[in-house]
Amino acid sequence: MDHMGFISLIPPLIAIGLAITTKNVLVSLFTGLFAGVLLLTSGNPITATTETIGEYLFPQLTDSYNAAVLVLLLFIGGFVGLIEKSGGSAALAKRVVRFLDTKAKTQMAAYVGGLTIFFSDLGSPLIVGPIFEKIFDKAKLSREKLAWIIDSTASPLAVMIPFIGWGVYIMGLIRQEFDNIGSDMSEFTAFLQAIPFQLYPILAVAIVPFIALTKLDFGPMARAEQRVEKTGELYWKSSRPLRYSEPVDENQKSYAVLIWLPLLTLFVTLFGLLLTHGFPFEPVAGGDFRVALSTAYLFASIVLIGLMVLLKVKRFSEAFELYSKGMQKMVFVLATLVLAWALGTVMSEMGTANYVIELLQDSVPGYLVPAILFLVAVCISLATATSWGTFAIMMPFAIPMAFGLDAHLAVCIGAVLSGGIFGDHCSPISDTTILSSTGAGCDNVDHVKTQFPYALLNGFIAFIVFIFAGITGSSLVFLAALAFMMVAVFLIGKRKPKHAQI
């Protein structure tokens, strides 16, 4: 296999090292990219600079596939910007809260609220949290429990949905690697096949209703629940609740139709167009999927703007400004994706994956590759507190390794996504972790302490099951993971904790 030997590892190692030390994904990806081009141009810095821009960055923007992904992400950003500020989610939640007369119902309502706002992992905590915090106080449920619920229905849910920004971003990374290795497989098909192997996100989403209904809390979360139940204290004496988000405007005009009708428009348009291409019985080409999704988001945005104006929630100029600001928030994502594409191209030219495959070919069996990818992704995401950056760094390894070491492709993709979400879910400096603490009105350290045992349990189960998934390739392994999780929670949760400071 063609490769440049050990020096082919320099670009990704630089990107990983800088990501860990600087916590800046853009700087890390660009520096890794530049280092690779510098090596390819025999160390000439001027030539490396011009080729980085002209031969590696510009082509990513002029490629028709890449351009379609970037435009789609702008459409998604505009829609999310509208719906987060429309107040529709709050109105829908307020209709539900009057039926909450038990702890289980209260927790499940917050859980369903988080699932409903699947389109925005960052907006979800700030929408659901403030609505439910007083309800949780009344039900004598801890703020830590609320933070865990909204955190578990944020990024772990978003990463499994192909038609929002997360899915589009991930499919963009997958398509790049398919092109680099000459595969004509649809990135949409690959993403769908990988969903059952996103073991950590599946467990993170599934453990919430299981614990809510069985009352089998354990570890620091159980002690936090006991604190509220026995003393009524919302916080530990050392707690410092986060209050950096804007509170929900209780006086804002809001109607539930502002969320359900745009989402209905989105789904009807998307699946209506996909049906014309044979979905779900035939594979849908990536180009057809992107066109259908762009159209769906555009129509949904038009409907939402019309409703906001018709119901006098916002003037047209205000609604359009929200739409524009939503698009602007996607600039960081677009830049990350372009740099990831460019770095992947450089690594392909240097034969980085070929070199790694050659090193591992005689020492690591193919069935262990997913478990290894999961562990590496966990380490990177924990250190960097970014799942998207982890995906960008790991996909250029995972997909070529799957082909080169005869490992199951869908399992390898699921392992990378699972590992990236684990770190994002556990890191105290992750944006969703901080926003979940903020939305629930609790201390960020308390949130991390109470959530981490649940995350660690799910992460351990995911690692073990990835070994079996690597052997069998069966999409049913997630059922085994769910069974292991329920048994483990039952055994651990039966042990009653002492009431103590966490």
Side-chain angles (χ1 to χ4, degrees), residues 23 84-85 87 89-90 93-94 97 100 103 106-111 113-114 117 120-156 204 207-208 211-212 217-252 382 385 423-456 497-502:
K23 313 294 191 238
E84 285 182 349
K85 297 295 184 180
S89 300
K94 287 176 181 177
V97 296
L100 309 181
K103 288 187 176 184
T106 301
Q107 292 175 78
M108 290 303 297
Y111 177 72
I117 311 173
S120 174
D121 64 303
L122 299 184
S124 175
L126 298 183
I127 293 172
V128 178
I131 292 171
F132 279 91
E133 64 178 16
K134 297 300 182 184
I135 302 170
F136 267 56
D137 295 346
K138 183 178 179 181
K140 291 193 173 182
L141 289 163
S142 68
R143 295 290 183 91
E144 292 93 329
K145 173 65 73 67
L146 176 58
W148 170 62
I149 291 174
I150 58 180
D151 203 350
S152 297
T153 53
S155 54
I207 196 174
V208 173
I211 286 183
D217 287 298
F218 58 88
M221 184 71 79
R223 292 193 286 275
E225 290 294 283
Q226 283 190 353
R227 180 198 69 224
V228 178
E229 179 67 34
K230 293 183 178 181
T231 70
E233 295 177 358
L234 297 181
Y235 311 106
W236 301 108
K237 293 180 179 179
S238 60
S239 298
R240 296 293 181 270
L242 293 182
R243 280 303 180 197
Y244 300 131
S245 63
E246 295 180 5
V248 174
D249 186 356
E250 298 291 341
N251 298 318
Q252 179 186 4
L382 274 174
D424 179 77
H425 203 210
C426 296
S427 173
I429 59 173
S430 163
D431 47 9
T432 49
T433 302
I434 294 171
L435 290 176
S436 296
S437 301
T438 304
C442 80
D443 183 283
N444 193 49
V445 174
D446 291 346
H447 170 41
V448 173
K449 283 182 178 180
T450 51
Q451 178 166 276
F452 187 71
Y454 296 164
L456 188 61
K498 295 180 180 179
H499 184 57
Q501 171 78 355
I502 59 173

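- In this structure, Phe136 has no ring pair (Phe, Tyr, Trp, His ring centres under 6.0 Å) partners at least two apart in sequence or on a different chain.
- For Thr153, the side chain to side chain donor-acceptor pair (under 3.5 Å) test picks out no residue, with sequence neighbours left out.
- Here the closest non-hydrogen pair linking Ser155 and Thr432 is OG-OG1, 4.0 Å.
- Panel note: side chain Tyr454, backbone Ala204; no donor-acceptor pair is recorded below 3.5 Å.
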Review point. Run the side-chain contact (heavy atoms from CB on, under 4.5 Å) check on Leu146 and Cys442 step by step: do they pass?
Key: CA-CA 9 Å; Leu146 176 58; Cys442 80; over 6 Å; no

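- From Ile150, atom CD1 reaches atom CZ of Phe132 across 10.5 Å, with rounding to the nearest 0.5 Å.
- Residues forming a side chain to side chain donor-acceptor pair (under 3.5 Å) with Ser142 (at least two apart in sequence, or on another chain): Glu225.
- Atom CZ of Arg143 and atom CG of Asp137 lie 4.0 Å apart (nearest 0.5 Å).
- The backbone N or O of Gly232 sits nowhere less than 3.5 Å from a side-chain atom of Arg227 that would complete a donor-acceptor pair.
- The nearest pair of heavy atoms linking Gly441 to Tyr235 is O-OH, 2.9 Å.
- For the pair Ser152 (side chain) and Trp148 (backbone), a donor-acceptor distance under 3.5 Å is present.
- Here the side chains of Met221 and Pro453 are not in contact, with every heavy-atom distance at 4.5 Å or above.
- Going from atom CZ of Phe218 over to atom CD1 of Ile211 covers 5.5 Å, rounded to the nearest 0.5 Å.
- The main-chain N or O of Lys449 is never found under 3.5 Å from a side-chain atom of Glu144 such that the two would form a donor-acceptor pair.
- Among residues two or more places apart in sequence or in another chain, the side-chain contact (heavy atoms from CB on, under 4.5 Å) test is passed with Lys140 by Lys103, Val228, Glu229.
- Between atom NZ of residue Lys145 and atom CD of residue Gln451 there is a gap of 12.0 Å, rounded to the nearest 0.5 Å.
- One distance of note links CD1 of Ile434 with CG of Asp151; it measures 10.5 Å at 0.5 Å rounding.
- Atoms CE and CD1, on Met108 and Ile149 in that order, are 9.0 Å from each other to the nearest 0.5 Å.
- Under 3.5 Å, the side chains of Asn444 and Ser437 contain a donor-acceptor pair of N or O atoms.
- The pair Arg240-Asp446 does not count as a salt bridge, with every side-chain nitrogen at least 4.0 angstrom from each carboxylate oxygen.
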